[in-house]
Amino acid sequence: MNLIVLHETDFIRPGIVRLTGRRLEHISKVHRAEPGQHLRVGLIDGDIGLGEITDLSDQYVELRVEFTQSPPPPPPVTLILALPRPKMLKRIIQHVTALGVKRLVLINSYRVEKSYWQTPWLDEGKLLEQCLLGLEQAVDTKMPQIILRKRFKPFVEDELPELAKNSLKLVAHPVGGEACPVDLGESCTLVIGPEGGFIPYEVEKLKEIGFNSVHLGPRILRVETALPVLVSRLFPAH
Ligand code: SAM
């Protein structure tokens, strides 16, 4: 937890928050914090600053907080990701959030098993929990938007052209295409396939609406590896 993420409901008075549960435990057991100590805090969907511990007990911790800076700018990418298996989903949501992606669409694809859509990890509350962990990790406050689309063809034909309008359209595919560009300097809609890869029909459908296929070389990477490589290659830190 590199950032204590705060919610409006944490405020007991203007500028004073009271925290319990996971955040209290982290502050007292991991930070081993004492009254007077300062910790980095951020208001959800708001600014980042410092909180001074004014009271600490087994039941709660109180901090006087002040917000002084904006969260880091997000990379200008919309990510379209074939739904990963439930075991991977949690971590991938955390990684996507930590990388700063602010719009993620989880889509169906021929090689996504139907049962994956039944996982409780897709419940809104569970997705938010994983996003929160990603924000805490990356010292960010802006929650990503997560959209679920269970039908590939209607999504690609009816929604994706508008969603991807005015952005460079790329589909990461290990076979064919060009090497993935480096340091784009413009916004991008990036599609990443399922563990078994997209079938040719799906790549063709994406091509029909202007998506060019890009590769990362001859090594076939797992989704959780390909994803951060692609995002940091398209939008490297400066
Ligand atoms: N056998 C599958 C195939 O050939 O498409 C492998 C799929 S890979 C495990 C899962 C996804 O990660 C791919 O659909 C692609 O989006 C991305 N990926 C993995 N390695 C890649 C590479 N070398 N170049 C581009 N994309 C890659």
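Atoms within a ligand are numbered from 1 in the order they appear, just like the ligands themselves. FYI, side chains are in, hydrogens and waters are out, and symmetry mates aren't considered; it's all heavy atoms of this structure.
Of the charged side-chain nitrogens involved, none lies within less than 4.0 Å of a carboxylate oxygen, so that Arg151 and Asp158 do not count as a salt-bridged pair. Using a 4.0 Å cut-off between charged nitrogen and carboxylate oxygen, Glu136 and Arg22 count as a salt-bridge pair. Classification of Arg149 and Glu159 as a salt-bridged pair holds, one side-chain N sitting under 4.0 Å from a carboxylate O. A salt bridge does not link Lys90 with Glu129: none of the charged nitrogens is closer than 4.0 Å to a carboxylate oxygen.
Residue contacts with ligand 1 for Ala82 are absent, since no atom lies close enough (heavy atoms, distance under 4.0 Å). In Ala226, the part holding a heavy atom less than 4.0 Å from any atom of ligand 1 is the side chain. Both the backbone and the side chain of Glu195 come within 4.0 Å of ligand 1, counting heavy atoms alone.
Residues Val191 and Leu79 are members of separate hydrophobic clusters, defined by side-chain heavy-atom contacts under 4.5 angstrom among Ile, Leu, Val, Met, Phe, Trp and Tyr.
Interface of Val214 with ligand 1, defined as ligand atoms under 4.0 Å from a residue heavy atom, comprises 25 (C).
Protein heavy atom at the shortest distance from atom 27 (C) of ligand 1 is Pro174 CG, 4.0 Å. Protein heavy atom nearest atom 24 (N) of ligand 1, with residue, atom name and distance: Leu216 N, 2.9 Å. Gly193 O, 3.7 Å is the protein heavy atom nearest to atom 11 (C) of ligand 1. The nearest heavy-atom contact from the protein to atom 6 (C) of ligand 1 is Ile220 CG2, 3.5 Å. Residue, atom and distance of the protein heavy atom nearest to atom 10 (C) of ligand 1 are Pro194 O, 3.1 Å. The protein non-hydrogen atom at the shortest distance from atom 1 (N) of ligand 1 is Gly196 O, 3.9 Å. Nearest protein heavy-atom contact of atom 16 (O) of ligand 1 is Ala172 O, 2.6 Å. When only non-hydrogen protein atoms are considered, atom 20 (N) of ligand 1 lies nearest to Leu221 N, 2.9 Å.
Scored by the salt bridge (Lys or Arg N to Asp or Glu O under 4.0 Å) test, Glu162 finds Lys165 as partners (sequence neighbours excluded).
For residues 20-70, every residue pair satisfying the ring pair (Phe, Tyr, Trp, His ring centres under 6.0 Å) rule, not counting sequence neighbours, is listed here: His26-His31.
Exactly one of Thr97, Asp140, Thr78 qualifies for a side-chain hydrogen bond (donor to acceptor under 3.5 Å, both in side chains) with Lys102. That residue is Asp140.
Counting heavy atoms only, His173 comes closest to atom 25 (C) of ligand 1 of the residues Arg219, Arg111, His173. For atom 5 (O) of ligand 1, the candidate residues are Gly176, Ser213, Gly217, Gly197; the nearest heavy-atom contact is made by Gly197.
Proximity of Pro218 to ligand 1 is not established, as no heavy-atom distance is less than 4.0 Å. Distances from ligand 1 to the non-hydrogen atoms of Leu230 include no value under 4.0 Å.
We find the CD-CG distance between Glu113 and Leu83 to be 10.5 Å, quoted to the nearest 0.5 Å.
Nearest heavy atoms, Asp183 versus His238: OD2-CE1, 2.9 Å.
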